[in-house]
Amino acid sequence: TPTNVLQQFQLQGKVAVVTGAADGIGLSVAEAFAEAGAHVALWYNSNEAAVEQSVRIAEENGIKTAAFKVDVSDSSQVQKNIIKVLDTFGKIDIFVANAGMGISEPILEQSLEVYRKQMSVNVDGVVFCAKFAGQVFQKQGFGNLIITSSMSGHIVNVPVDQPVYNATKAFVTHFGKCLAREWREFARVNIVSPGFFDTKMGAGDSNINEVYRMSALGRQGHVKEVKGLYLFLASDASSYMTGSDVIIDGGYVL
Ligand code: NAI
């Protein structure tokens, strides 16, 4: 680890995978890592145009980037694409399990099908990514997993009833903490719990402006405002952190 603090934030020579990289938080994280010098594997499931544009911009700046179409709720696709990333880049230093979906529905109205879909993306998706990335980390003897959870994993989010979404986030937060212990000899694992951000998922309810005002900063977060935190967790600047769950919510959960 370099002693100069700014050098600790550099990602030159590192390879990062980001899931859900076509939109919102994932796209912002992929940009942050590329700006810090990492080679980035962008995993996306839809919005191919956005991913292609990111690849172009990164390449213009001399960063090696590649896009992979992966449905994270399908374990065989996850496993195959981990191998494809290794074939392309040779190793994985950082894996950000960020893809997710938010279905806001009371449980009394939720169909079994919708319930299963929510669980398959937010829970299975993170478990599959962690499992196959973790096998690589173990073999390499190093690795860094960051899981995008939510402040909804800590609190019963008030604007809408979404018990299953909230509980998927409680699952991945606790799962990440358990992995920090399980993988202690070869990898760090940390969790990011965002509050309200201005992504597709964060756009929404009619009373939402009232809700934003309930945070200490009194506003929604801009998606670029996650970049510094993810870079910190991905880099040597956070070398003594593992199993931490960092809330970034403008002071909502206080
Ligand atoms: P977004 O909807 O802009 O992006 C989500 C991404 O996940 C999309 O690119 C989508 O294609 C991808 N995705 C969905 N299902 C997938 C699947 N089966 N396989 C692969 N990719 C899939 O939303 P946002 O806000 O950027 O969400 C990113 C993460 O942040 C999610 O895990 C979300 O739960 C979490 N989050 C977001 C908050 C917000 O206010 N925007 C608040 C707290 C957490």
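We count ligands from 1, going down the list as the structure has it; atoms in each ligand are counted the same way. All values derive from a computational prediction rather than experimental measurement.
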**Q** Counting non-hydrogen protein atoms only, what is the nearest one to atom 4 (O) of ligand 1? Give residue, atom name and distance.
**A** Asp23 CB, 3.7 Å

**Q** Side chain, backbone, both or neither: which applies to Asn98 and ligand 1 if a contact is any heavy-atom pair less than 4.0 Å apart?
**A** both

**Q** Checking Gln7 against Asn4: is there a side-chain donor and acceptor pair closer than 3.5 Å?
**A** no

**Q** Do Tyr230 and Thr148 pair up side chain to side chain, a donor and an acceptor below 3.5 Å, judged on atom types alone?
**A** yes

**Q** Please work out whether any backbone atom (N, CA, C, O) or any side-chain heavy atom from C-beta onward of Ser149 is under 4.0 Å from ligand 1, and answer side chain, backbone, both or neither.
**A** backbone

**Q** Between Asn157 and Asn166, is there a side-chain donor-acceptor contact under 3.5 Å, judged purely by atom types and distance?
**A** no

**Q** For Ser46, take its heavy atoms, then give the atoms of ligand 1 lying under 4.0 Å from any of them.
**A** 11 (O)

**Q** Relative to ligand 1, is Met151 under 4.0 angstrom through side chain, backbone, both or neither, heavy atoms considered?
**A** neither

**Q** What is the nearest protein non-hydrogen atom to atom 23 (O) of ligand 1, stated with its residue, atom name and distance?
**A** Met201 CB, 3.5 Å

**Q** Please classify the Tyr165 to ligand 1 contact at 4.0 Å (heavy-atom distances, strictly less than): side chain, backbone, both or neither.
**A** side chain

**Q** Below 30° counts as parallel, above 60° as perpendicular, anything between as tilted: where do the rings of Phe89 and His39 land?
**A** parallel

**Q** Would you say the side-chain atoms of Asp245 and Ser193 include a donor-acceptor pair closer than 3.5 Å?
**A** yes

**Q** Counting N and O atoms only, with roles assigned by atom type, does the side chain of Thr242 sit under 3.5 Å from a partner on the main chain of Arg188, one being a donor and the other an acceptor?
**A** no

**Q** Under 4.0 Å, heavy atoms only, figure out whether ligand 1 is touched by the backbone of Val72, its side chain, both or neither.
**A** both

**Q** Donor-acceptor pair, distance only, cut-off 3.5 Å: does the side chain of Ser244 make one with the backbone of Met241?
**A** no

**Q** Considering Ala22, Gly102, Gly195, Ser150, which one's heavy-atom position lies nearest to atom 38 (C) of ligand 1?
**A** Gly195

**Q** Among protein heavy atoms, which sits nearest to atom 13 (N) of ligand 1, and what does the distance come to when rounded to 0.1 Å?
**A** Ala99 CB, 4.0 Å

